[in-house]
Amino acid sequence: MEQQEYATGTTRVAAGRPDGRTGGAGRGTPDAVLAVPVVASVPAAATRSDGPQEQAAAVLSGLPALSPDPGLLRLAHWFAAAAPGTADDLCTASFGLYPARHFGIPADAAADADVSWWHGPTAHAGAVRRSREARPARGPRRARRDAAALPVVRSGAKPGTSGKHRKPERTRPVAGAQDRSAQEQPGTDHVPVDRLTAERRIAARLLLAHPLVTASGPHADGFPLIRRHRDWLTERFDTLLGYRLVVGPWHARLCKAGLGPGAARRLEHPGTGAPFTPAGYAQLALALALLVDAPEQLPYRRLLDAMHAAAPDLAAAPAERAMALAALADWQVLGDLPADPADASSMLTVDRELARAVPAGPPALADDATDLIRRAADAEPATAVRRLLAETPAVLAADLPEDQRAWLREHRIGGPAALADFLGLEAELRAEGVALLDPADELTDLALPGAGTLPQAAMLLVERLVEEVRPLPGEPTEGDVPIPDALIDGVLGDIADEYGLPAGWDYLADRTALRRDALDLLHRLGLVTPAPRATRPPSWLLRPPAARYAPAPNLLPAPGTGRHSRPAEQQRA
């Protein structure tokens, strides 16, 4: 079976496919190398003694020496020295095990491709109101009006008020405003696909969502489909995305490319969802460096001691080391982890084949972490844009270099259509760029709207930010829009007031954590982005795709009855 073991300081041979083409992360990635590891000598078994420590030493002495792979050991040091965001990008580039991420809800009406996201049809689905007391139904919040335009909902406060957490805002003059409402168009009937196409799409979507699929893992039901259509899948992934697909008897590995710097992808603990730190990534690469040539049965304590001996300068907290081993267990590189790592008799089951399948980037060729991130994302313009379309929620032309922007402009219809047909997605074309949507809401690791306090709070936050700062009809719609820092705090204050603090919404009691995590979720979905200048706390920009979640304006809002609302007589006046 084809394997990739990246290393430096070892004998290098060309890596590639059975037909002789070079591998790496795909057709658009620089040539990778395979490392021929040096086989360590096996020490003779020690003389057995009566004491438990001597017995454990005798068992350990009969095992092959754990020699770390030099390339992965080098990668571990890069992780340890990287900043948090760079470490996330380095993990994406070196392992390529990230899932695809797409918006799920199509717009509620068709729109021309030249329409801006700011003023196009929305795909709004409001968060579920949960409060301590029953509240009467009410309309959207107040609307700023212009004589030449229909009302545009702009505020996150209750009807007729600015919200007690808001600072006074300055109104902007609007010239030449136009009606932003979109005409409702009838939808198209669903076109059934034959069984062959359906099976291929299921297999392709599974690999894009889970790049490492095993015959005994949680997605084992889809593995036979991958094996059945492996030749077709290999050709399509290579042609469209430059990804290399390796299908063995017991696992399938889609070697994804990196997404470049600032891709907002990170590895998380499979159980708790806690994000990896640079030290946690370093422990992951260090453990993997030892497991690629480890015996099938390995004492747990022996692995921990070998990790410390191989890189004593990379000592980490037990929690970070446990996160790394939990990720390897989730990928089935390791079997079940014992409850007591100090127990020398606890044994681990190691799958060397899967351990060697995890690395996807070319660390042996890179000079440093920055060079590895660049190399892993390097591809011809067509392949690079298609990768972004397949992996990210939306591709904005303004974010692309000139050669990629030119390709997207020239292949605006055909480029997304080929991927949409391959993966069963729908293309949403707008003036600022393209988004491939998944109406089934399956091909994504993050969902908005979603279940839970944080996704609902983030949904409320983004819809109200759109109402406040998006350009009015007739105003320039190019680029991102700055968000006043005080506005974020004011909106979150209004959300806490309106939704209260019932069971399940206790998250709202910690405004600092809510602000941090809600903005982080919106950033990972590409709806907000930090401002270029470095500030503390960071300033934020609202991105055009965020307007997909704007609520439709209500021209006759119902009078508010909350404690921040004005009397109905004042509203009518």
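Residues take their numbers from the sequence shown, with the count starting at 1. In what follows, every heavy atom counts, from backbone to side chain, and hydrogens, waters and symmetry copies are set aside. What you see is a predicted model; the values in this text were computed from it and never measured.
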Close aromatic pair by centroid cut-off 6.0 Å: Trp232 and Phe422: yes

Taking every non-hydrogen atom, the tightest pair across Leu461 and Ala518: CD2-CB, 4.1 Å

Straight-line distance of Asp238 CG to Cys255 SG, nearest 0.5 Å: 11.5 Å

More than 12 heavy atoms of other groups within 6.0 Å of Asp336 CG: no

Presence of salt bridge, Arg516 and Asp520, under 4.0 angstrom: no

Any side-chain heavy-atom pair of Ile202 and His229 under 4.5 Å: no

Residues Arg236, Asp231: salt bridge by 4.0 Å N-O rule: no

Gly242 backbone acceptor or donor facing Arg386 side chain under 3.5 Å: no

Under 3.5 Å donor-acceptor, Arg356 side chain and Leu291 backbone: no

Check: Gln332 side chain, Leu354 main-chain N or O, donor-acceptor pair, under 3.5 Å: no

Reported NE2-to-CH2 distance for the pair His251 and Trp331, which is rounded to 0.5 angstrom: 13.5 Å

Glu410/Arg412 ion pair, N-O < 4.0 Å: no

Check against side chain to side chain contact (heavy atoms under 4.5 Å, CB included), Leu284 and Leu325: CA-CA 7 Å; Leu284 175 62; Leu325 299 180; over 6 Å; no

Non-hydrogen side-chain atoms of Thr444 and Pro99 separated by less than 4.5 Å: no

Pair Tyr98, Asp445: side-chain N/O donor-acceptor within cut-off below 3.5 Å: no

Residues Asp371 and Arg374 bridged, charged N to O under 4.0 Å: yes

salt_bridge(Arg228, Glu199) N-O dist < 4.0 Å: yes

Heavy-atom closest pair, residues Trp78 and Asp367: CZ2-O, 3.7 Å

Carboxylate-amine/guanidinium contact Asp114 Arg430, below 4.0 Å: no

Worked verdict on Leu372 versus Leu90 for side chain to side chain contact (heavy atoms under 4.5 Å, CB included): CA-CA 7 Å; Leu372 174 56; Leu90 188 58; 3.4 Å; yes

Short side-chain donor-acceptor distance under 3.5 Å, Glu475 and Trp118: no

Test side chain to side chain contact (heavy atoms under 4.5 Å, CB included) applied to Phe79 and Cys91, step by step: CA-CA 8 Å; Phe79 274 124; Cys91 177; 4.1 Å; yes

Separation of Leu241 CG from Leu388 CG (nearest 0.5 Å): 10.5 Å

Sub-4.5 Å side-chain heavy-atom contact between Leu396 and Arg543: yes

Asp438 and Arg101 ion-paired at < 4.0 Å: no

Leu514 versus Leu492, closest heavy-atom pair with distance: CD2-CD2, 3.9 Å

Residues Arg524 and Glu268 bridged, charged N to O under 4.0 Å: yes

Donor + acceptor pair across side chains of Thr197, Asp194 (<3.5 Å): yes

Cationic N near anionic O, under 4.0 Å, Arg201 to Asp421: yes

Heavy atoms from other residues, nucleotides or ligands near CG of Asp221 exceed 12 (cutoff 6.0 Å): no

Backbone of Thr122 reached by a side-chain donor or acceptor of Arg548 within 3.5 Å: no

Nearest-0.5 Å distance, CG of residue Leu542 to CD1 of residue Ile488: 9.5 Å

From CG (Leu437) to CG (Leu443), nearest 0.5 Å: 11.5 Å

Closest non-hydrogen atom pair between Ala394 and Pro545, with its separation: CB-CG, 4.0 Å

Interatomic spacing from OG1 in Thr277 to CD in Glu320 - rounded to 0.5 Å: 4.0 Å

Check: Val491 and Arg464 side chains under 4.5 Å, non-hydrogen atoms: yes

Side chain proximity check, Leu259 to Arg265, heavy atoms < 4.5 angstrom: yes

Reference residue Ile483; test side chain to side chain contact (heavy atoms under 4.5 Å, CB included); the match among Val528, Leu519, Leu541: Val528

Heavy-atom closest contact (Phe237 atom, Leu245 atom, distance): CD1-CD2, 4.5 Å

Candidate pair Arg409 and Glu402, rule salt bridge (charged side-chain N to carboxylate O under 4.0 Å, His left out), full reasoning: CA-CA 10 Å; Arg409 185 166 49 246; Glu402 182 55 38; 3.7 Å; yes

Side chains of Pro471 and Val481 in contact at under 4.5 Å (non-hydrogen atoms): yes

NZ/NE/NH1/NH2 to OD/OE distance under 4.0 Å, Glu391 and Lys256: yes

Backbone N/O of Gly271 and side chain of His269: donor-acceptor pair under 3.5 Å: yes

Phe223 side chain near His219 side chain, heavy-atom distance below 4.5 Å: no

Backbone of Gly217 reached by a side-chain donor or acceptor of Thr214 within 3.5 Å: yes

Sub-4.5 Å side-chain heavy-atom contact between Gln404 and Pro381: yes

Test log, rule side chain to side chain contact (heavy atoms under 4.5 Å, CB included), inputs Leu527 and Tyr549: CA-CA 10 Å; Leu527 303 179; Tyr549 298 100; 3.9 Å; yes

Nearest non-hydrogen partners of Asp441 and Gly104, listed with the distance: OD1-CA, 3.9 Å

Flag, side chain of Thr239 to backbone of Glu235, donor-acceptor distance under 3.5 Å: yes

